[in-house]
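Heads up, the thing below is written out as structure tokens.
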Amino acid sequence: MSYSTLPQEPQTQPPAYESSTANSPYGEPSGARTDGDNIPDDFKYSLNVAACELPVRQMFIRKVYAILCLQILVTVAVGFFIKLSLSVQNWCLNNQWLFWVSFIGAFGFMIGAHIKARSYPTNLMLLAGFTLCEAYIVGLGCSLDKSEVLVKAALTTGVIFVGLTAFAFQTKYDFRSWQGALGMGLWAIIGWGLVMMFFPGSETVNMVYSGLGAILFSAYIVVDTQIIMKSMHLDDEVPAAIKLYLDILNLFLFILRMMRNSDD
């Protein structure tokens with residue numbers, strides 16, 4: 001009998017694995033598998049969004065903008081509720097304590113949401129408290145404005161936000177280096193606003209102040225969008241949504257101030 005006629009045991013070889021860092025410009029694993037919209041392996045939580053695969057990045061962006069849309073809808077609903085009901089409006093204006101509770105609460109909830117940003121569902125509950133406080137403050141502040149002015153300011157803000165977001169997504173220029181200059185501009189606007197509380201300026205001064213504030217927060221929208229796309233982590237959707245939400249609110253308030261001055 002020849003040995004060649006004996007049955008041969010099948011040879012098994014270990015499967016070949018691709019290098020997980022071959023395609024990652026950051027030297028981080030990029031070969032993890034994704035299953036639909038499920039987040040891949042746990043180690044992905046330690047990566048920046050830019051270092052992840054396209055489906056993972058898209059999933060993160062969808063989460064951030066879904067939360068942002070809910071925040072805006074809640075703010076609009078609270079504002080309309082206060083403005084359209086005269087009895088509610090009078091009660092809010094006669095009970096200023098609730099305004100100050102909301103003002104302090106907004107800071108508290110925001111700080112808590114950043115501290116517990118990766119603790120689900122605590123982060124979402126803190127985010128909900130922050131959004132309700134901000135919605136009450138903005139709704140009460142806008143309750144005495146004309147509906148036409150509010151609608152024009154809201155539409156203008158929406159168009160600017162969509163345009164700047166599209167620009168931030170497609171541009172190759174990295175605007176994150178502007179953070180320092182924008183921070184100084186923010187403190188300058190805050191200081192100017194405090195001075196104007198005690199020494200109101202002319203209509204021209206108010207228009208210049210409002211225009212500079214609108215430009216500042218328009219730039220913040222571009223910078224914060226790129227920070228979210230390139231620097232934040234996969235489980236930081238709550239801080240990311242808060243960033244954009246505050247940018248939109250401040251842009252809206254400065255545009256409303258400009259339109260209020262021109263209408264007067």
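Just so you know, residue 1 is the first one in the sequence shown, and it goes up from there. What's counted below: heavy atoms across the whole structure, side chains too, no hydrogens, waters or symmetry copies.
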pair Ile227-Gln179: side-chain heavy atoms closer than 4.5 Å | yes
Looking only at heavy atoms, which two atoms of Ala117 and Asp236 are closest? And how far apart?
-> CB-OD1, 4.4 Å
Does the side chain of Phe109 come within less than 4.5 Å of Glu134's, by heavy atoms?
-> no
Looking only at heavy atoms, which two atoms of Ser143 and Lys83 are closest? And how far apart?
-> O-NZ, 3.2 Å
Under a 4.5 Å side-chain heavy-atom rule over Ile, Leu, Val, Met, Phe, Trp and Tyr, are Ile221 and Leu186 clustered together?
-> yes
dist Arg176:CZ -> Lys230:NZ (nearest 0.5 Å) comes out at 5.5 Å
Hey, would you say the Tyr173 and Phe175 ring centroids sit under 6.0 Å apart?
-> yes
Are Cys142 and Phe252 close enough, and set up right, to give a side chain to side chain contact (heavy atoms under 4.5 Å, CB included), and what steps lead you there?
-> CA-CA 11 Å; Cys142 298; Phe252 167 74; 3.8 Å; yes
Do Tyr65 and Thr165 come close enough that some side-chain heavy atom pair is under 4.5 Å?
-> yes
Using only heavy-atom distances, determine whether the side chains of Asn123 and Arg118 contain a donor-acceptor pair under 3.5 Å.
-> no
Classify the ring geometry between Phe103 and Phe99 as parallel (under 30°), tilted (30 to 60°) or perpendicular (over 60°).
-> parallel
Report whether Tyr136 and Leu93 are members of the same hydrophobic cluster (ILVMFWY, side-chain heavy atoms less than 4.5 Å apart, transitive linking).
-> yes
Close side-chain approach of Ile242 and His114, heavy atoms under 4.5 Å | yes
Heavy atoms only: give me the nearest Ala113-Val238 pair and the separation to one decimal.
-> CB-CG1, 4.2 Å
Gap between atom CG of Leu216 and atom CE of Met184 - 0.5 Å precision = 11.5 Å
What distance do Leu253 atom CG and Met258 atom CE have between them, rounded to the nearest 0.5 Å?
-> 13.5 Å
Have a look at Tyr220 and tell me which of Asp247, Ile215, Leu244 forms a side chain to side chain contact (heavy atoms under 4.5 Å, CB included) with it.
-> Asp247
From the options Thr75, Val74, Leu68, select the one residue that forms a side chain to side chain contact (heavy atoms under 4.5 Å, CB included) with Ile72.
-> Leu68
In one Ile/Leu/Val/Met/Phe/Trp/Tyr side-chain cluster, 4.5 Å: Leu140, Trp97 | yes
ILVMFWY network linking Trp100 to Ile111, side-chain heavy atoms under 4.5 angstrom = no
Side chains of Met259 and Leu150: closer than 4.5 Å at any heavy-atom pair?
-> no
CH2/Trp192: more than 12 non-hydrogen atoms of other groups inside 6.0 Å | yes
With the side chain counted from C-beta on, respond yes when Leu144 and Gln89 share a heavy-atom pair under 4.5 Å apart, and no when they do not.
-> yes
Are Phe217 and Leu249 close enough that some pair of their side-chain heavy atoms sits under 4.5 Å apart?
-> no
Shortest non-hydrogen contact from Val222 to Ala168?
-> O-CB, 3.9 Å
Are any side-chain N or O atoms of Ser102 and backbone N or O atoms of Leu98, one a donor and one an acceptor, separated by less than 3.5 Å?
-> yes
Answer with yes or no whether the hydrophobic clustering places Leu251 together with Trp187; edges join I, L, V, M, F, W, Y residues whose side-chain heavy atoms lie under 4.5 Å apart.
-> yes
Which heavy atom in Phe60 sits nearest to a heavy atom in Ala240, and how many Å separate them?
-> CZ-CB, 4.4 Å
Which distance, rounded to the nearest 0.5 Å, do you find between the NZ of Lys63 and the CG of Asp235?
-> 8.5 Å
Examine Tyr209 together with Phe254 and report whether their ring centres are nearer than 6.0 Å.
-> yes
Which residues pass the side chain to side chain donor-acceptor pair (under 3.5 Å) test with Asn90, sequence neighbours left out?
-> none
Taking Thr171 for the side chain and Phe167 for the main chain, is one N or O donor matched with an acceptor at less than 3.5 Å?
-> no
Shortest non-hydrogen contact from Cys133 to Gly105?
-> SG-C, 4.0 Å
Under a 4.5 Å cut-off applied to non-hydrogen side-chain atoms, are Thr225 and Leu164 in contact?
-> no
With rounding to the nearest 0.5 Å, note down the distance linking CD in Gln226 to CZ in Phe169.
-> 10.0 Å
Side-chain cluster (under 4.5 Å, hydrophobic types only) that Leu155 belongs to, other residues = Val151
With rounding to the nearest 0.5 Å, note down the distance linking CG in Asp145 to NZ in Lys152.
-> 11.5 Å
